[in-house]
Amino acid sequence: MTEAGKRNFKKINHSKKPVGSKIQNDHKDSANGHSKKEMGREQTAKKTTCPVRKSGDDFKWQQKANAVVKPEGCDEAAGCPLTKKCGGCQFTKVPYTEQLKHKQMHMRKLLGRFGKVEPIIGMEQPLYYRHKVHAVLGRGRKGEIISGTYEARSHKIVPVEHCLIEDEKAQAVIATVRRLIKEFKLYIYDEDLGTGLMRHVLVRRGYATGEILVVLVTGTVVFPGKNNFVKALVKEHPEITTIVQNINDRRTSVVLGEREQVLYGPGFIRDELCGFTFRISASSFYQVNPAQTEKLYNTAIEMAGLTGKETVIDAYCGTGTIGIAASRKAGRVIGVEVNKAAVRDARLNLKDNAVKNMTVKQDDAGRFMLEMAARGEKADVVLMDPPRTGSDKNFLSAVTKMGPDRIVYISCGPDTLARDLGILTKSGYRVMRMQPVDLFPQTEHIENVVLLSNKKSHR
Ligand code: SAH
């Protein structure tokens with residue numbers, strides 16, 4: 001690591017701001033939402049120390065990292081002036097190759113006791129990768145309309161006009177929304193008084209399709225001039241294929257309310273991953289970095305070693321993306337997911353893709369597995385992708401009782417992954433492969449996919 005890199009890592013404060021706002025279904029750790037998996041703005045408080053590379057360390061991965069990382073992209077990341085106030089990214093002052101080194105070392109330290117950690121899969125262009133962008137609306141000191149994120153531990157808005165990790169088209173749409181609010185003389189919602197109209201804007205852009213979904217979160221149902229507002233927005237950004245008004249009249253930090261009305265288009269966009277199409281609506285969960293997600297899913301499916309005959313469980317399946325991607329190589333797939341809306345989306349995704357060999361159950365994954373194990377039912381492969389809090393005792397004990405040949409564990413929480421691997425390796429499983437994937441460049445977050453094999457299957 002370069003001296004500059006070391007200095008920057010030492011300066012990084014890993015403590016996180018408390019959540020100023022939460023996007024519903026942005027992977028909340030709760031039964032009615034999702035886990036904090038999408039990262040970026042929703043983050044937990046955790047302090048970690050950054051290891052500094054010892055000289056002479058043999059990092060084979062560096063070759064790979066250097067091969068995929070384009071230095072041009074890193075120049076722009078020479079630092080974000082908002083880092084301190086926004087708190088979403090920790091590493092914008094650190095060149096991308098150094099970020100990857102840091103993540104690799106961190107994973108080696110944390111997971112090395114289970115075996116070899118493979119070279120982290122980095123991103124070719126580690127900027128502007130978030131295809132889901134949220135902005136809270138407010139007024140600046142001079143009364144001007146601002147949009148951005150909440151400052152650490154407060155409800156003060158940090159105006160964000162240019163973010164290094166958010167999709168640039170989505171940022172342009174948000175800038176237009178700001179301008180149109182002024183032109184249409186719309187009121188901004190006042191959090192203290194609980195009055196006013198415009199609260200948040202949420203933009204999602206399909207990675208493969210380019211389709212854009214705009215969600216305008218309002219404090220009231222009444223939206224004066226909404227038809228003309230919609231017309232003007234679509235005229236400026238013809239890629240917008242749908243606009244939804246979400247009504248949130250509660251004094252809450254959760255972004256989305258429960259009611260919504262479609263103002264334009266079908267109310268959802270589509271995207272493609274691993275050759276399948278997925279619908280994304282205002283509240284559905286979809287990984288924020290689709291380019292890397294495809295690499296993650298392909299790695300997980302490759303690890304599953306499917307031959308077309310296996311019974312596969314896709315646990316914590318969300319909208320069914322991994323299971324659907326695995327379905328063409330499996331005998332049958334059973335998805336299990338606790339969130340009702342995600343299950344509904346998963347079933348629609350099955351239909352849209354004409355997937356006939358997968359079903360999705362709405363249940364707690366642990367309970368579902370315990371019942372399946374109690375009935376003596378078997379699975380050959382368990383794919384599991386729990387929220388950042390990791391899995392639970394019920395699930396892990398049911399899995400080991402069921403004894404699938406292989407478990408593929410996808411994780412966005414390295415600490416809980418290490419904890420759960422500890423349990424699984426004491427219960428008859430051996431770690432065969434560990435692959436970190438950089439889903440969240442410029443931030444400290446790390447995704448991993450791990451293959452475990454049943455020791456009995458090797459006898
Ligand atoms: N595999 C999906 C979603 C992973 S996110 C994808 O890649 O898109 C984790 C999912 O676990 C969320 O959808 C969340 O709602 C679900 N979840 C959280 N706790 C759960 C539980 N106890 N049982 C089943 N699903 C749960």
Side-chain angles (χ1 to χ4, degrees), residues 22-40 42 131-132 204 207 271-274 276-281 283-301 304 312-327 333-350 353 358 360-372 381-399 407-413 416-417 420 437 439-440 445 447-450:
K22 286 184 187 147
I23 297 173
Q24 214 166 29
N25 279 355
D26 218 18
H27 271 238
K28 295 191 290 286
D29 296 293
S30 71
N32 68 347
H34 292 271
S35 73
K36 286 173 181 164
K37 208 169 168 116
E38 283 190 5
M39 311 297 168
E42 286 76 29
H131 277 239
K132 174 179 181 177
R204 310 183 71 147
Y207 176 67
D271 200 14
E272 285 156 26
L273 271 183
C274 305
F276 291 91
T277 154
F278 296 101
R279 49 171 94 195
I280 310 170
S281 52
S283 61
S284 50
F285 173 76
Y286 192 72
Q287 290 280 6
V288 296
N289 184 343
Q292 291 297 90
T293 300
E294 194 154 72
K295 294 181 196 164
L296 178 80
Y297 288 176
N298 285 338
T299 308
I301 292 165
V312 177
I313 292 175
D314 177 9
Y316 309 92
C317 72
T319 55
T321 39
I322 300 176
I324 289 174
S327 66
V333 183
I334 307 160
V336 55
E337 161 64 47
V338 78
N339 180 272
K340 205 172 159 186
V343 171
R344 187 202 57 214
D345 285 349
R347 289 179 181 150
L348 288 169
N349 284 334
L350 289 179
N353 289 289
M358 178 169 172
V360 179
K361 296 266 184 314
Q362 190 200 335
D363 205 344
D364 168 77
R367 188 173 48 219
F368 175 81
M369 291 294 282
L370 277 176
E371 284 171 8
M372 222 180 138
V381 177
V382 170
L383 298 167
M384 55 187 286
D385 186 12
R388 201 191 297 177
T389 45
S391 193
D392 59 29
K393 272 193 188 147
N394 279 349
F395 187 89
L396 296 172
S397 67
V399 167
I407 300 171
V408 180
Y409 193 140
I410 299 156
S411 158
C412 59
T416 53
L417 172 67
D420 293 349
V437 182
L439 246 65
F440 310 105
H445 299 289
E447 190 89 10
N448 281 282
V449 48
V450 176

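Whatever order the structure lists ligands and atoms in, that order sets their numbers, starting from 1. Note that the structure is a prediction, hence the values are computed from the model and not measured.
Numbered from 1 in the order shown, with element, the atoms of ligand 1 that lie under 4.0 Å from a heavy atom of T321 read 6 (C), 7 (O), 8 (O). Every atom of ligand 1 is numbered from 1 in the order shown, and the set under 4.0 Å from a heavy atom of D363 is 23 (N), 24 (C). Taking every heavy atom of D364 and a limit of under 4.0 angstrom, the matching atoms of ligand 1 come to 21 (C), 22 (N), 23 (N). Close approach of ligand 1 to N339 is summarised as follows: ligand atoms under 4.0 Å from at least one heavy atom of the residue are 15 (O). When each atom of ligand 1 is checked for a heavy atom of D385 under 4.0 Å away, the hits are 1 (N), 2 (C), 3 (C), 4 (C), 5 (S), 6 (C), 7 (O), 9 (C).
Heavy atoms of T389 come nearer than 4.0 angstrom to ligand 1 in no pair at all. Not a single heavy atom of F368 sits under 4.0 Å from any atom of ligand 1.
The residue from L273, D271, V437 that alone fulfils the side chain to side chain contact (heavy atoms under 4.5 Å, CB included) condition with T293 is L273.
Contact annotation for A315 and ligand 1: no heavy atom of the residue comes within less than 4.0 Å of the ligand. With a 4.0 Å heavy-atom cut-off, ligand 1 is reached by no atom of T319. Counting heavy atoms under 4.0 Å from ligand 1, residue V338 touches it through both backbone and side chain. Looking at A365 against ligand 1, both its backbone and its side chain come within 4.0 Å, counting heavy atoms.
Of the candidates Y316, F278, Y297, the one placing a heavy atom closest to atom 6 (C) of ligand 1 is Y297.
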